[in-house]
There are 2 protein chains.
Amino acid sequence: MDRTGRYHLGMPVPKGSTIDPERTRAAILKAATPVLYERGLDGIGVAELCALIGVSKETLYRHFGTKDGLVEAMLQARSERVSRWLAEAVAAAGDDPRDQLAAVFDTLGEWYEDPVFRGCAMVNAAAQHHIEAVRAVTARHLGRYLDLLTGVAERAGAADPPLLARQLLMLVEGATVVAAHHGAAGTGEQARQAALALLSAAAGSGGGRGGGG
Amino acid sequence: MDRTGRYHLGMPVPKGSTIDPERTRAAILKAATPVLYERGLDGIGVAELCALIGVSKETLYRHFGTKDGLVEAMLQARSERVSRWLAEAVAAAGDDPRDQLAAVFDTLGEWYEDPVFRGCAMVNAAAQHHIEAVRAVTARHLGRYLDLLTGVAERAGAADPPLLARQLLMLVEGATVVAAHHGAAGTGEQARQAALALLSAAAGSGGGRGGGG
DNA sequence: CCGAGATCGTACCGATCGGTTCGATCTTTT
DNA sequence: AAAAGATCGAACCGATCGGTACGATCTCGG
């Protein structure tokens with residue numbers, strides 16, 4: 001032991017407060033998220049993960065209890081983060097629901113082009129684990145997307161907003177799968193065109209434009 | 001050792017031929033496929049898998065070399081089987097491309113309702129493993145779907161058949177993801193409606209019906 | 001200045017994993 | 001009848017896994 005000391009995730013500890021109870025947890029989550037996303041939940045062991053993110057196993061286990069606990073917390077945080085990210089893109093797109101929908105797929109399209117893109121982390125996780133909590137996080141995640149898309153569908157005056165929203169959700173998740181496993185080039189734009197076509201069809205043949213509100 | 005003997009996967013050996021060289025391999029694949037699909041590729045060990053399907057580890061390893069070898073062979077066989085299954089549904093739907101497209105999603109919809117449905121096995125596998133061979137099988141699988149849908153798009157006289165086919169592929173994979181993780185009820189029909197709407201839009205605004213041969 | 005507590009690195013644990021080996025049994029071939 | 005070869009069950013192997021324990025270090029509250 002000639003080099004102990006200097007701990008806490010390599011981050012300088014702010015002089016105030018009690019070494020931060022929640023901060024360590026948040027820092028672990030932030031550092032572990034991209035590693036677990038790239039390597040896969042079962043593609044890396046706790047020991048290697050800890051070494052990569054610079055935290056001891058004891059600290060990780062005290063904050064998350066088990067590896068599954070870490071995974072669940074990570075997925076939950078990631079779901080909330082990307083949902084908020086997409087919602088902000090919609091909010092920034094103005095009042096026209098067509099622009100809002102286009103913003104969704106433009107945002108996704110940028111993500112697809114990212115070299116680290118490996119598909120939806122929540123869907124990937126649910127696809128490989130039977131853990132009920134993981135599946136629940138994924139279902140909730142899709143629910144968030146559905147809510148966002150339902151709002152767009154309603155504002156667009158779709159005849160059946162829940163139906164259109166679910167169809168758009170399929171397009172979102174399908175574009176993500178196709179981009180991950182069959183090439184990302186152009187996928188965002190192709191999906192955007194399809195989404196706008198669906199919206200036009202739903203608004204045109206159904207309830208027309210300018211839904212009450 | 002009071003009960004050795006009586007081997008070969010519990011299947012009665014036909015009296016002719018050399019105990020079947022290929023037959024054992026096919027039988028292992030057939031038996032292992034649903035187990036690996038339900039439990040997940042990493043969710044079951046080779047020992048338990050062998051016990052469940054009634055084959056010894058030595059036999060399995062002689063036929064497939066490694067667990068990854070078994071996985072690849074299984075995914076390859078499954079991809080060919082389900083692609084053929086979908087192609088046959090299309091072929092049985094008559095000459096109208098709209099009927100053919102509807103048949104695709106009706107067929108998928110039935111699959112979604114199956115209690116053992118857990119999403120697309122190839123996509124699930126690629127989502128959890130970095131193994132290049134697995135990712136290749138998945139890419140090829142999506143390519144088969146794309147070929148099928150391209151044929152439909154061409155026969156429908158779409159203005160841009162490759163574009164429409166890729167959008168329909170997103171719908172297929174998206175419906176599969178949504179059915180797996182957000183409830184299967186109605187997903188097939190909802191996706192079918194969306195697909196037909198996309199086809200109408202692509203044919204209507206683009207090249208009209210009866211695309212040139 | 002001294003205890004409480006968070007963190008570190010390392011060693012350790014039992015379980016499980018993928019994969020190999022071996023003796024015995026049964027079938028087919030020669 | 002004897003050789004060849006496929007299969008079985010079980011034992012075995014080294015590696016890795018998730019998780020725990022321990023002694024040491026550092027910070028903070030009192």
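Letters go in sequence order (proteins before strands), and every chain restarts at 1.
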TODO: Provide, to the nearest angstrom, the distance between the CD atom belonging to B/Glu48 and the C1' atom belonging to C/dG19.
DONE: 17 Å
Task: 5' priority, DNA chain C, between B/Leu41 and A/Arg62 [closest heavy atom] - done: A/Arg62
Open item on the list: I'd like to know if the side chain of A/Asn124 reaches the main chain of A/Arg118, judged simply by a donor and an acceptor atom lying under 3.5 Å from each other, with no hydrogens or angles considered.
Closed with: yes
Open item on the list: Heavy atoms from C-beta onward define the side chain here; which of C/dC8, C/dG19, D/dG19 lies closest to that of A/Val55?
Closed with: C/dC8
- [ ] Report yes or no: do B/Ser79 and B/Arg144 form a side-chain donor-acceptor pair below 3.5 Å?
- [x] yes
TODO: Provide, to the nearest angstrom, the distance between the CD1 atom belonging to A/Ile28 and the P atom belonging to C/dT7.
DONE: 7 Å
Task: Interatomic distance where CG belongs to B/Leu49 and C1' belongs to C/dG19 [whole Å] - done: 14 Å
Open item on the list: I want to verify a distance call: between D/dG19, C/dC8, C/dG19, whose nearest atom is closest to the A/Thr59 side chain?
Closed with: C/dC8
- [ ] Would you mind reporting whether B/His181 and A/Glu173 have side-chain heavy atoms less than 4.5 Å apart?
- [x] no
Task: From C/dG9, C/dG19, D/dT7, nucleotide with atom closest to B/Lys67 side chain - done: C/dG19
Open item on the list: Please report the distance, rounded to the nearest Å, between CD1 in A/Ile53 and P in C/dC8.
Closed with: 9 Å
Open item on the list: Is it the case that the side chain of B/Gln190 and the backbone of A/Leu163 share a donor-acceptor pair, with hydrogens and angles ignored and the cut-off at 3.5 Å?
Closed with: no
TODO: Search all heavy atoms of A/Tyr37 against all heavy atoms of A/Phe117 and return the closest pair with its distance.
DONE: OH-C, 3.6 Å
TODO: Return the value, rounded to whole Å, for the distance between atom NE2 of A/His63 and atom P of D/dG19.
DONE: 16 Å
Task: Distance in angstrom units between B/Phe64 CZ and D/dT7 P, rounded - done: 11 Å
TODO: For B/Asp68 and C/dC17, give me the distance from atom CG to atom C1', rounded to whole Å.
DONE: 13 Å
Open item on the list: Whether B/Thr24 contacts D/dT7 is assessed here as follows: a side-chain N or O lying under 4.0 Å from the phosphate OP1 or OP2. Is that the case?
Closed with: yes
Open item on the list: Heavy atoms from C-beta onward define the side chain here; which of C/dG18, C/dG9, D/dG18 lies closest to that of A/Glu58?
Closed with: C/dG9
Task: Atom-to-atom span, CG of A/Leu60 to C1' of D/dG19 - whole angstrom - done: 11 Å
Open item on the list: Could you check whether the side chain of B/Lys57 and the base of C/dG19 have a donor-acceptor pair of N or O atoms closer than 3.5 Å, going by distance alone?
Closed with: yes
